[in-house]
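This is a predicted model, so every value here is computed, not measured. In what follows, every chain begins at residue 1, and chains take the letters A, B, ... in the order their sequences are listed.
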Amino acid sequence: MRLDRSFYERDVLIVAPELIGKRMIRNTPAGNPSYLITEVEAYRGTEDEASHARFGKTSRNAVMFDTGGLLYVYLIYGMYWMLNIVTGKRGQAQAVLIRGVSDISGPGRIARTLGIDRSFYGEDLVSSERIWIEDHSNIPEYVQQPRIGINYAGEPWKSQPWRYIMVPPSQIS
DNA sequence: AGCAAGATCGGT
DNA sequence: CCGATCTTGCTG
């Protein structure tokens with residue numbers, strides 16, 4: 001069943017690991033593919049020096065300051081769309097970057113495969129007809145690591161283990 | 001105003 | 001390790 005507002009409105013450090021193992025559904029004229037979420041990163045508030053919210057609200061990141069459950073989509077390196085899910089209550093400026101789904105590794109390739117672009121900025125996962133996330137009662141194992149590509153941030157932000165990676169069942173000892 | 005750098009990826 | 005490619009927000 002589709003996740004509701006109350007799921008997304010919690011702190012990003014709670015929501016991010018819980019997104020691992022959930023299914024993202026992409027409703028298109030061609031079909032209804034679903035993708036298992038396998039890797040995410042948490043970005044937490046204006047004090048997080050690795051976050052786009054670190055300079056406060058701007059035209060690009062404005063949706064991060066809105067309510068949890070909305071999508072934050074932005075273009076990076078002129079060619080890759082990044083898919084993020086806003087979490088927390090309005091004003092908290094938190095988001096989860098989707099880094100891996102099913103057999104797709106890398107946020108840029110995910111957006112390309114799912115057909116995510118600027119038109120998904122602000123899309124609401126709670127009510128959208130195009131994209132949403134379902135809970136299939138899957139509780140996977142995961143490991144935590146520092147986030148990728150944020151060397152510009154200072155400590156402790158650079159080292160926070162806010163990257164969550166699903167451990168395949170075959171690798172659990 | 002201009003410009004360096006970016007939550008990346010694929011090829012060399 | 002470098003180039004693609006363009007938006008962003010600072011002068012990194």
Checklist entry - If you measure from the P atom in B:dG6 to the same atom in C:dG12, how many Å do you get, rounded? => result 13 Å

Next on the checklist: Please report whether the ring centroid of A:H52 lies less than 6.0 Å from that of A:Y43.
Outcome noted: no

Next on the checklist: According to a cutoff of under 5.5 Å between the ring centres and under 30° between the ring planes, does A:Y152 stack with the base of B:dG6?
Outcome noted: no

Item to check | Side-chain N,O (A:R60) to OP1/OP2 (C:dG9) below 4.0 Å | outcome: yes

Item to check | Side chain A:R147, main chain A:R163, donor-acceptor under 3.5 Å | outcome: no

Checklist entry - Looking at A:H52, does any N or O in its side chain come under 4.0 Å of the phosphate oxygens OP1/OP2 on C:dT8? => result no

Next on the checklist: Judged by each residue's nearest nucleotide on DNA chain C, which is more toward the 5′ side, A:S59 or A:R54?
Outcome noted: A:S59

Checklist outcome for this item: In DNA chain B, consecutive runs of at least three Watson-Crick or G-U pairs below 3.5 Å, as range with range, amount to B:1-6 with C:6-11, B:8-11 with C:1-4

Checklist entry - Can you tell me how far P in C:dT5 sits from the matching atom in B:dG2, rounded to whole Å? => result 23 Å

Checklist entry - Looking at the side chain of A:R118, which of C:dA4, C:dT7, B:dT8 is the nearest nucleotide? => result C:dT7

Item to check | Side-chain N,O (A:R112) to OP1/OP2 (B:dC9) below 4.0 Å | outcome: no

Checklist entry - B:dG6 P sits how many Å from A:F55 CZ, rounded? => result 11 Å

Item to check | Whole-angstrom distance between B:dA7 and C:dT11, as gauged at atom P | outcome: 15 Å

Next on the checklist: With a 4.0 Å cutoff (strictly under), does any side-chain N or O of A:R109 reach OP1 or OP2 of B:dG10?
Outcome noted: yes

Item to check | Gap between atoms CD1 and P, on A:I110 and B:dA7 respectively (whole Å) | outcome: 16 Å

